Structures are given as structure tokens and as C-alpha cells.
Number of protein chains: 2
Amino acid sequence: MATIKDVAARAGVGLGTASRVLSGSAQTSPSSRERVLAAAAELGYVAHGPARSLRRARTDALGLLVSDIRNPFFSELAHAAEQEARAHGYALLLANANEDADQADDALRTFASQRIDGLLLSPQGPATPQLASLLARAVPIVLLNRRIEGVDLPFYGTDNEQGVGLVLDWLQERGHRDVAYVGGPQTMSTGAERARAYLGGRAAHGIATDDALVDAGDFTTDGAAAAMLRILDRGVRPTAVFGANGATTVGALRALRERLGADAGGVEVVSFDDFDWFAYASPAITAVRNDAAAIGVGAVQGLLALLRGEDATSQRIATELVDRAARS
Amino acid sequence: MATIKDVAARAGVGLGTASRVLSGSAQTSPSSRERVLAAAAELGYVAHGPARSLRRARTDALGLLVSDIRNPFFSELAHAAEQEARAHGYALLLANANEDADQADDALRTFASQRIDGLLLSPQGPATPQLASLLARAVPIVLLNRRIEGVDLPFYGTDNEQGVGLVLDWLQERGHRDVAYVGGPQTMSTGAERARAYLGGRAAHGIATDDALVDAGDFTTDGAAAAMLRILDRGVRPTAVFGANGATTVGALRALRERLGADAGGVEVVSFDDFDWFAYASPAITAVRNDAAAIGVGAVQGLLALLRGEDATSQRIATELVDRAARS
DNA sequence: CTGTTAGCGCATTCAA
DNA sequence: TTGAATGCGCTAACAG
């Protein structure tokens, strides 16, 4: 494997000159520049990242820790983040935490050892030891989608309040009064924020504030299906159901179809989080779409700002309502 | 930032002993072992990956290059691969090629510079310069899902022939004769293999071999929708449609619904590639499910075998049919 | 079992 | 502008 030493020898210049040319750090004469480049090309020279990292104390690598890349929100975010990172010369290390603090810590340990320059983190819950350690080492970190209590870091995520507002308006416009709400865990900032916005906004939108219509799962399909069944078992018969995230809506839909048939008994379904296939679902699902790509790009840009020593401003990305209500 | 030197000093041992303890490479006395570990813990020591990589000439990092992580097949595969890699002490570098040779090469260049120990590659087409370069440097590589012409590398992917066989059996059992086939590009091994298996198996399964029923898109939703419309425009009226991959089926479904109404005029749809939501689609979609997780795990295991100097055996992972046909 | 030494490949410093 | 020397943090070889 050709090293920079080989390149320098072949080009007939000193090691320093070769380095300066190849890393473009300082002025070099056109002649030596040309010869070094030629030699590098001939030898198929590729800079040794780890050696460079050791010397420069930076790796040009960012870490991305999500709960589960299979979640379309995260895969879309990861795609955008990777593109943006690579456009700026950064590689992306990926890890899945699977909503498990131990796995998250394991991944963070690996990231720390690999000496990533910065971290994009979708928090699983409260701060873990490894996260504290990274914080202590002043590794630049930005938060995705969820906040961490007691930790003040730049945040890039969905504007939950605005999104819920869109749903409330839509429900009102459609004339719904008895609306079931299947929420998520209050321990997650997303779950808490959406619940607060929805519950608080019902009255002003002509929606019943009956507690029997409200239940919560754990942001998984199964948990949400169970919550939906609990609501139906209370004997209430909503005309619309609002699922607080994508998986929750799917679970609610499954329960509705099981109980009320393939058309969900005419109940309208609206979701926070949109999946492409909602257009083809039966019944079709209206949804608030959060812009995962914009969040990913914004987060990387914020992280890069941090790396430059500037400060990053949190961003709440607005959502968009995709109205798929059947109209006669 | 504490280095191993600090740890050694604090523990009152030599540098070598500290290294031996922390990397577990050789025998050390219980007493020094204990003191080194204690010192490391007190100092919050984290091994410097790049320095270690420089010395050991390996990085404990694998590269994963896919066309698009947003594709559920790849995100599931990536999830499984990352878990498997991490279980074996490897980090995973992710890159998206977006079906673009330049982006693929760019990503491979980054991987090469980062000196990944091995590569999981979903090829975009023919071998590119950077791939040739990696091949020349003898970087262990395994192929995902698609083959590359003229390059013999361990392959981990779906058993297309078996999967198509499942679909043919299902079509026959359901009594379909006029079946439309929306395929993919012949230039991709997946597209070519599925087409060959299907077209060749029709006669034996009592399916019409009329060319008017066959068309192909480019494995995107839009391309497939256009192909489906072309078929319908020929005046044929199939009783079932077979989409050669997930996106293709979605496109075909979209076209069917546009032309024939929300129930697709009673046409049954069957797909190579299953999405969870197919159960909720209207009409419900029967599908052959390829086990992306098994492919990801198998590929990582194969790559690890290569890294150990053993050889890896290609695997064709069998698919499973998920029958969602409406039965009276 | 252990301490010391050398050197992985590179960017940067210091003289020239 | 350049060459030579230095050291980033670590592991492996070598002597003890």
C-alpha cells in the first residue's frame, strides 16, 4: 500500500512537500505540486485516514445514533444526513439503540473510541453514563426529534404543536366532535408535547373533552392497538381517531379493522406522521407529515456549525397536512 | 484526554503492561491487571481508535453501501447488519449511492480512506474505478442482493427463482390465467432473474404467455405506474397483476386505482417484496417476503469469515409467501 | 510476567 | 518554498 513517503520519493520531493500538496495546507510551487499529484495518481495513493486522524486530532466522521433505522422517519433522516455530511467531507457511523439504554451506551462507547467529531443523537430517555462522558469531553452533539431532560443541546425536530394544530383544524373542518386520541408515552418529549397540544386544543375546536376517548400506548403498533381496543371497550363510538405517531396510527387502524370491519366502520383516521402508503390504506388516512429530510439536513448543518466553533440554533421544522379524506 | 500513558503512570506500571491489560492481548498478573483497570476507570480512559488502527492496521469498522437506505429492504438489512457487526465489535459506516455511479465512487473513496476492514456492497451496476481499486487492495467485500458482472464475490441475497415459484403457484391456485407482469430493468440481476423465472414458468402454471400482458419499469413507483398504464392501454384486462419489486407493485397499484377505482376493479395484486402495510392496502396485496434481516446477518457473517481468512459461501435466502387474498 | 523501545502514516514545526 | 525532524497514541517485539 503506497504511503505518502512513497509518493514523495517517486515525485523526488521531501515528505513535507508531498504532505502539503496532498492536504492542500500550504503554498507549494506549481512544479512540485504537479509532480506530487502525478506520483500519487500513478501509485493509487489514498491517504490513510487513521494516521491523519491521529495527527490532526479529528476524524472527519460523525456518529448517528437512532432508535431504529427501520423506522421510516429515521431512515429518511439518515439518508438526508448522510448526503449532507458527505457533501461536507464527513463519513457517517450508524448505530441503532433499539430503545435500549445498554445498546445506546454500547454504541456511544464505540463512537467515543472511534473519536467521531460530532454526534447526531436521537435520545432514548434520560442521559446515560456514556452520554455524560461524551458531554464531559465536549464532543459536539445535536439532538434529533426528542429532548433530554436537564440537558441543553441544540435540537432539531418536528414542530409538534404546529402539527397538532393542523390536525385540530382538520377535525373541526370535518365536523368531528367525538374524536378518540391514541397517544404515546408521556416520558418522551414527543408524546408529552403532542398530548398537551391536542388535549389543550380540543375545546377551542369543538371536540369533546371526554376522558373515555383518550388512551395511550407506547408508540408501537401493538401497544397502540391495545389502547384503541380499550377505548372501544368503554362503549364510546368515535367518528374519528387521531394516532399520535405513525406506528400508533397503524395499531389503531388494525384494531379498528378488527372490530369494525375492513372500512373501520366509517371512522376517519388521522395521524401524526405520514407514511406514503396511507394513500392506499383502507380507510385512507389523513396525516401530518414531518419533514425528516429537513431535520436531518438541519441537524448536520447545526453540528457542522458547532464543529466550526460557532453556535447552532435549534430548529422546529413545520409539518404539512396531507388530506386524504373521502369527499362526496 | 487521558491516554494509555496516563493510565500506566497512575497504575504505576509500564506502558506495555497497561496496553496488555487494556487490550487483553497477553497474560498479566492479577495485581497489575487490577490496578490498571482501576486507573483506567478513574481517568475515564477510552482507547484512541485511530491510534490503535494505525498500529494494528485494522479499524474494526465495516462499510455498508446501499442505493438508498430509505428503501425498507435496505433499512431492515442495515439494521440487522449493524446489530450483527456491533455484536462482533465492529462499527458500521453507512453511505447511500442513490443509484448513481459517481456517488457510489465517492462513498467508496471515503471508505478506502477510512480504511474499513471490509465492505458490504449493494452494487449499482458494473464495477466502478473505486471498486476496482478496493478489489486490487484485497479489501474483503461481499455483495448484497445484486451481482456484478465479471466479478466473483460472495453473494447474499434473495432467492429470486424460489420466490417467483411461490407466486406462480399462488396464481395457479387462484385460477388466474390473464396475469399482467410489471418487471424491472434487465440490467439488474434481480430484474433479470425474476423476469426469467416468471416468463419461463407461466406455461407450466396455466398462465397466458401473451406479450401484451408484460411490461417493465425501472423499479421505481413512477416507472412502474407508467408500465402498468401501458399494459392497460393495450386493451387487455388481466385478473391479476404481479409486480417485480416493492416499488413496482406500489406503482402498479396506483395505476390500477387511477384507472379502475379504489378497489382496482377486482384485480388481484401480488408482489415480489412485502411491505407491512400491504395488509391494509385496498385491495390487500399478497406478497413474497424476502428476509432482509437474514441477508444482512448472513452477509456480515460472511464478511467476518473473510476477515478471519476463511472463505465465505454465498447464500440465497428463501422467501415466504404472505397470502392476503380475499376469500369468500 | 514486565519495562523499554520502535515505528505504524501523517501534518506540522523549525531551519534553511 | 522546501527538507528534515518530531510526535500524535498505540501495540508488538525484545530483553530482562
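In what follows, chains carry the letters A, B, and so on, assigned in the order in which the sequence lines appear, proteins first and then strands, with residues in each chain numbered from 1. Since we're looking at a predicted model, the values are computed, not measured.
When rounded to the nearest whole Å, the span between CZ of B/R33 and P of C/dT2 equals 11 Å. What separates CD1 of B/I4 from C1' of C/dT2 is a distance of 14 Å, to the nearest Å. Rounded to whole Å, atom P of C/dC8 lies 14 Å from atom CZ of B/R115. Summarising the geometry, the separation between CG on B/L15 and P on D/dC8 is reported as 12 Å, rounded to the nearest angstrom. Atom P of nucleotide C/dC10 and atom CG of A/D6 are separated by 9 Å, given to the nearest angstrom. We find that CD of A/E34 is positioned 17 Å from C1' of D/dT1, with the value rounded to whole Å. Between the NE2 atom of B/H48 and the C1' atom of C/dC8 there is a distance of 14 Å, given to the nearest Å. Between the C1' atom of D/dT11 and the CZ atom of B/R58 lies a distance of 12 Å, rounded to the nearest Å.
Between A/D106 and B/R86 the shortest side-chain heavy-atom distance falls below 4.5 Å. Within the 4.5 Å cutoff, side-chain heavy atoms of B/N145 are placed close to those of B/T158.
For D/dA12, neither phosphate oxygen OP1 nor OP2 lies less than 4.0 angstrom from any side-chain nitrogen or oxygen of B/S19. Close to C/dC8, at under 4.0 Å from its OP1 or OP2, lies no side-chain N or O of B/S53. Distances shown here put a side-chain N or O of B/R52 below 4.0 Å from the OP1 or OP2 atom of D/dT11. Phosphate contact (OP1/OP2 of D/dG3, side-chain N/O of A/T17, threshold under 4.0 Å): present. Between A/S32 and D/dT1 there is no side-chain polar atom (N or O) within less than 4.0 angstrom of OP1 or OP2.
When distances are taken from the side chain of B/S23 to each of D/dG7, D/dT11, C/dT2, the shortest belongs to D/dT11. Listed nucleotides: D/dT2, D/dG7, C/dT4. Nearest to the side chain of A/S29: D/dT2. Comparing C/dC1, D/dG9, C/dA11 against the side chain of A/L54 picks out D/dG9 as the nearest. Between C/dA11, C/dC10, D/dC10, one nucleotide has an atom nearer to the side chain of A/R56 than all others, and that is C/dA11.
More than 12 heavy atoms of other residues, nucleotides or ligands lie within 6.0 Å of CD in A/E310, so this atom counts as buried by the packing criterion. For B/E42, the CD atom sits in a packed shell: over 12 heavy atoms of surrounding residues, nucleotides or ligands are nearer than 6.0 Å.
Within 4.0 Å (heavy atoms only), A/A47 reaches sugar-phosphate atoms of the nucleic acid but no base atom. Within 4.0 Å of A/A57, counting heavy atoms only, lies no atom of the nucleic acid at all.
Put simply, the residue from B/V36, B/D6, B/L22, B/L37 that forms a side-chain contact (heavy atoms from CB on, under 4.5 Å) with B/Y45 is B/L22.
Nearest-nucleotide assignment on DNA chain D puts the 5′-proximal partner with B/P50, out of B/R20 and B/P50. The nearest heavy atom of DNA chain C to B/T28 and to A/Y45 marks one nucleotide each, and the one closer to the 5' end goes with B/T28.
With salt bridges taken as basic N to acidic carboxylate O contacts below 4.0 Å, one links B/E99 and B/R146.
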